[in-house]
Colleague: 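If you scroll down you'll find the structure; I have some questions about it.
Letters go in sequence order (proteins before strands), and every chain restarts at 1.
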Amino acid sequence: MSEVNVQLKNGAQASLPAPVTVADALKRLDRDAAKQALIARVNGREVDLDFKLEAAESGDAVQIEAVLPGTNDALYVLRHSTAHLLAAAVLDLFPGTKLGIGPPLLDDPRYGFFYDVIAPQPLTEADLPVIEKRMRDLAKRNVNYRRDEIAKAEALHIFAERDEPLKVELIEEKGGETVSVYYIDNTPFIDFCVGPHVANSNRLKAFKLLAISGAYWKGDQERPQMQRLYGTAFFTQEELDAWVKQREEAERRDHRRLGRELDLFSIQEQYGQGLIFWHPKGGAVRKEMEDYLRDELIKRGYGLVFTPHIAKRKLWYISGHEENYADSMFAPTELEETEFRLKPMNCPFHIGIYKSAQRSYRDLPLRYAELGTVYRAELSGTLHGLMRVRGFTQDDAHLFCTPETVLREIVDCVDFAYSVFKTFGFERFKVELSVKGNDTTKGYLGSDEDWSHAETALVGALDERGIPYERIEGEAAFYGPKIDIKVEDAIGRLWQLTTVQFDFNLPERFELEYIGEDGQAHRPVMVHRALFGSVERFFGVLIEHYAGAFPMWLAPVQIAVLPITDRINDYAESVARNLRAASLRVETNVRSEKIGAKIRTAQLQKIPFMLVLGDREMEEGTVAVRERSRGDIGVMTTEDFKALAQRLVESRALVNIAESGV
RNA sequence: GCCGGCGUAGCUCAGCUGGUAGAGCAUCUGAUUUGUAAUCAGAGGGUCGGGGGUUCGAGUCCCUUCGCCGGCUCCA
């Protein structure tokens, strides 16, 4: 009888009669791993546990490795198998359902897997508990997941017979000579799938269906719309519970909810979708954001510019927006036989300023910055609170420089971005370098030399600062490569904010020039750069990052003055006036309520400081200070408190006074 | 834009199989004068998103439209 030599990573070896399944081999070598394993790697390749090891032709030992819970690979398999279970349950409950694809998701913080289906009748949210129940029932039956390798023709036949046109389409596209399919025993489910999968449904214990939504087949708007059922799965109920809790935390921080509760902003149906109204409290935050940014811009050598919101349509032909971006622009409007169009971007306007005079190499680099409000015709379904809107203000800047100075400019942009985000309390970042891909349909502009020169500058800047980044081919816009900086918020979500982009397009189209040392005209290098991206969106990110509890310098109301009885009201007003004179934002609560109620109100408004004032404070000219996150911190003179509050504001401290040490 | 869900007082929500709207909070008024997360009482407030239809009768059923939510697509 032939044998196969198997070996674990730890060196354990055995010679077993072939063929033998991976599961049996593992049992011989490591009982514990055999019990825990979801799948295994055989000579590095992921396989099911019932994969049969044949007698090796060479004498080399077959390397086996159990893939164990706690690893991403195992979680991936778990979710993939749970997606299959979902499909099986749906087929079981709704015969005639057509299946699309059902992949696991690891990077998506919202969901763990999905399956796209077309059910005979549309499924609704109310069906989710029913489907989930059936999944549990199936899981408890300890049914086997079984792989089969069959000829492509046979697979096509099977799925055609089952009237699964989408699967047929997939097999035709993807399948080789033979294809692999997976069964779940005792269910009507078969899937065209490379696997691997768990051996038995008893491994699927902690899962939850989450949502149902529409999805186009293959993401193509022209193809039929299917229903996507989302769920997630973990190895233990505890992990699932923790994940659900995190999700609730995200919900608690939802900027749309906090925006209303804290009276920061609104969006009003009768005025239009995706248009933001900044209320006084949101306005106070915006003013601080903008003041800070403008001060920094000036310190860093930017010129602040202001440009119109609308321009002749002809301009947008020159810029190429009419050609490439018209779908995202508001329709033209006419005045005295001239057409105008709202601006979706600021670039052409900054170019206008550049072109208003002849530029010498001595003038460069020129840095124009604007908090420029733009309008974009976003589809209604994409709108989302402050995050995706139709009118917003970009903290936009354009750098015009010579090829020699561009590296320095990029380094400065990156430094600027990091400095800004640290001020707002972001500590972790993810940087992406998007470069040209091979896709010729994208119509990349600029020569190969341009692209490689630009990439050298971008990479040079990141390397100079020792910033790790991911290089993504094909992600660049057709007009140039870029660096995107994503920040991680307080609960670990990533937000794409900063972008630094080369532009080979506009300088050509607008025939930008500068006179070089040689007296000849040269084309300047143009870089677009936004830090916040959009002021509205960044505000939304901040609301969620802080959960509405803004640090002192940004807080819409910084201090609540709370007199204990109405005898104290005059003193309270005088304290408030005193603080306001120092540019602090103060509200006084003179309602005839008990102090506990006033504190509660202030606390719910997340006001950083409360001053509790009674007879003692009035007599002594002091204030009893209560800090938002720490409660009562004792009595001090009004002047001492004022100085403390000012220090916190000026230092843009992110935390309360005890932690900041002021 | 597409798919699904939802739209009742400022907010959060109740309102069963159709019988002509309700709670809590908020608001206002009065009482209370309070020492660190909700004092008590009373009052006002809704063309049930808009329009059309079915019906003796529609918040409830149907159609349509607008908006919101979750996704998809899009984000040169």
Colleague: Is A/Tyr111 near enough to B/G71 that one of its side-chain N or O atoms lies under 4.0 angstrom from OP1 or OP2?
Modeller: yes
Colleague: Is the base of B/C74 touched by the side chain of A/Arg376 through a donor-acceptor pair closer than 3.5 angstrom?
Modeller: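 No pair found.
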Colleague: Using atom P of each nucleotide, how far apart are B/U29 and B/C72 to the nearest Å?
Modeller: 49 Å
Colleague: Taking atom types as they are modelled, is there a donor-acceptor pair under 3.5 Å from the base of B/G35 to the side chain of A/Glu617?
Modeller: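 Per atom types, the contact qualifies.
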Colleague: What is the base-pairing partner of B/A43, counting Watson-Crick and G-U wobble geometry with both distances under 3.5 Å?
Modeller: B/U27
Colleague: Classify A/Gln268 by what it touches in the nucleic acid, base, sugar-phosphate, or nothing, heavy-atom distance under 4.0 Å.
Modeller: nothing
Colleague: Is it the case that B/U36 (base atoms only) and A/Arg626 (side chain only) share a donor and an acceptor within less than 3.5 Å, ignoring hydrogens and angles?
Modeller: yes
Colleague: Rounding to an integer number of Å, can you tell me how far A/Tyr115 OH sits from B/C3 C1'?
Modeller: 19 Å
Colleague: By the 4.0 Å heavy-atom rule, please label A/Glu593 as base, sugar-phosphate, or nothing.
Modeller: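 Base: the residue A/Glu593, judged by heavy atoms under 4.0 Å, touches a nucleobase.
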Colleague: Taking the same atom, P, in B/G15 and in B/U8, what whole-Å distance lies between them?
Modeller: 13 Å
Colleague: Looking at B/C3, I'd like to know if its phosphate oxygens (OP1 or OP2) sit under 4.0 Å from a side-chain N or O belonging to A/Tyr230.
Modeller: no
Colleague: Using a cut-off of less than 4.0 Å, is there contact between a side-chain N or O of A/Ser380 and OP1 or OP2 of B/G1?
Modeller: yes
Colleague: Side chain of A/Thr382 only, please: which of B/A37, B/C74, B/U34 is the nearest?
Modeller: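 From the listed options, B/C74 comes nearest.
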Colleague: On the side chain of A/Tyr216, is there an atom forming a donor-acceptor pair with the base of B/G71 - under 3.5 Å, no angle test?
Modeller: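 No pair found.
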Colleague: Given B/C68, is OP1 or OP2 found less than 4.0 Å from the side-chain N or O atoms of A/His384?
Modeller: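 Negative; the distance criterion is not met.
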Colleague: What's the closest nucleotide to the A/Ile595 side chain, out of B/G35, B/A76, B/G1?
Modeller: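 For the A/Ile595 side chain, the nearest candidate turns out to be B/G35.
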Colleague: Taking the same atom, C1', in B/U27 and in B/G70, what whole-Å distance lies between them?
Modeller: 33 Å
Colleague: Looking only at atom C1', what distance separates B/C48 and B/G42, rounded to whole Å?
Modeller: 26 Å
Colleague: At 4.0 Å (heavy atoms only), tell me whether A/Asp615 reaches a base, stays on the sugar-phosphate, or touches nothing.
Modeller: base
Colleague: Looking at the side chain of A/Lys594, which of B/C72, B/U34, B/C28 is the nearest nucleotide?
Modeller: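 Selected nucleotide (nearest to the side chain): B/U34.
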Colleague: Between B/C66 and B/U55, how far is it from one C1' atom to the other, in whole Å?
Modeller: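 One C1' to the other, the span is 26 Å.
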Colleague: Categorize A/Ala624 for me: base, sugar-phosphate, or nothing, with a 4.0 angstrom heavy-atom threshold over every strand shown.
Modeller: base
Colleague: Nearest to the side chain of A/Arg591 - B/U27, B/A37, B/A76?
Modeller: B/U27
Colleague: Quick check for you: among B/C72, B/A76, B/U33, whose closest atom lies nearest to any side-chain atom of A/Asp566?
Modeller: B/U33
Colleague: Closest to the A/Ser592 side chain: B/A31, B/A37, B/A76?
Modeller: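 It is B/A31.
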Colleague: Output the single nucleotide from B/U39, B/C75, B/C11 whose closest atom is nearest the side chain of A/Arg260.
Modeller: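 Between B/U39, B/C75, B/C11, the one nearest the side chain of A/Arg260 would be B/C11.
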